[in-house]
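Down below is the structure, laid out as structure tokens.
Reckoned from all heavy atoms, side chains included, excluding hydrogens, waters and symmetry mates. Order of appearance sets the numbers: ligands from 1, and atoms from 1 within every ligand. Since the structure is predicted, the reported quantities are computational estimates derived from the model, not experimental observations. The chain is numbered in sequence order, starting from 1.
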Amino acid sequence: MLQTRWALWIGFWGLAIGTLLFGAKAYANRRERSIELHLESFFICLWAAIMYMTMTQGLTVSYINGKEVCWGRYVDWAVTTPLLLLQVGTVAGASWKLITKMTVVDLFMIITGWMASISPSDHWSFIWFIVSCSAGFVIIWDLVFTYGKLAPIEPYSDVRDLSSTMRYSMIITWLMYPFAWIISHLADPNPETCSNMFYTMLDLYAKLAFGLILNFYTDRRVLAEAIMRQRNRG
Ligand code: RET
């Protein structure tokens with residue numbers, strides 16, 4: 001129980017700090033074109049911090065089929081992963097059609113991942129897990145190949161570098177989630193507990209480190225260029 005609280009509170013405080021940092025950045029750049037990316041990072045952290053808070057209070061934790069399920073995580077992911085994909089899609093210069101397709105596949109991955117965590121038998125759990133991973137595979141494929149082909153040429157080399165940094169750090173982090181799922185299932189007969197520190201660490205990395213690269217280590221002119229380029233392509 002103590003461990004449970006710790007993992008969730010670390011998540012909450014990390015994301016609360018992110019909310020403040022990215023909120024301040026959005027405010028400072030309120031007249032700039034880059035504001036939309038800052039606001040997205042702000043909202044990603046805000047929403048996740050709220051969901052972590054509900055989990056510390058047990059509001060989004062239920063017993064389903066005899067397992068403790070932290071469904072707050074899935075409500076967090078269902079909102080924040082499409083926003084993260086929107087940010088990467090914007091920087092990579094993807095069309096709205098492609099971004100929408102990625103969102104649909106992503107929601108499918110989260111919903112079937114949820115099925116994997118509530119399935120009563122190991123057998124069904126594993127089948128849903130594989131279904132969810134297939135959707136994850138489509139996302140990774142698009143991030144590497146489809147987005148790779150969109151890489152801008154000169155004079156947009158800064159945008160190109162940012163796009164590959166974001167795409168590859170996203171791929172590495174997102175790949176770790178199914179591994180965290182497998183390791184937890186091997187280690188614990190009742191794995192989907194809130195005490196899952198793996199997910200907390202990954203969430204912090206996926207939201208905070210990603211947000212820091214975008215908001216603090218990238219010049220806002222590069223962000224503005226990326227946004228313009230994506231809008232011109234539609
Ligand atoms: C699950 C288990 C089933 C198989 C797969 C999963 C993948 C989850 C992912 C979550 C990403 C979350 C992020 C959150 C916030 O920042 C549901 C764990 C493939 C990729 C990036």
Original post:
For the side chain of N232 and the backbone of M228, is there at least one donor-acceptor N/O pair under 3.5 Å apart?
Top reply: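 Yes, N232 side chain to M228 backbone: donor-acceptor pair under 3.5 Å.
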
Subject >> Expected output: side-chain K207 to main-chain L202 donor-acceptor under 3.5 Å >> reply: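 A pair under 3.5 Å: no.
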
Original post:
Going by an N to O cut-off under 4.0 Å, is there a salt bridge joining D142 and R167?
Top reply: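 So D142 does not pair with R167 through a salt bridge.
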
Original post:
Under 6.0 Å from the six-membered ring centre of F216 and within 45° of its axis: does the NZ or CZ of K25 meet both?
Top reply: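 Yes.
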
**OP:** Give me the ring orientation class for W9 and F12: parallel if the planes are under 30° apart, tilted from 30 to 60°, perpendicular past 60°.
**Re:**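 Ring orientation, 0 to 90° scale: perpendicular.
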
**OP:** Hey, can you tell me if F129 and F126 have their rings parallel, tilted or perpendicular (30° and 60° cut-offs)?
**Re:**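 Correct class here is parallel.
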
**OP:** Identify, chain by chain and in numerical order, each protein residue with a heavy atom under 4.0 Å from an atom of ligand 1.
**Re:**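 Ligand 1 pocket, heavy atoms under 4.0 Å: W77, T80, T81, L84, M109, G113, F129, S132, C133, W174, Y177, P178, W181, Y199, D203, A206, K207.
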
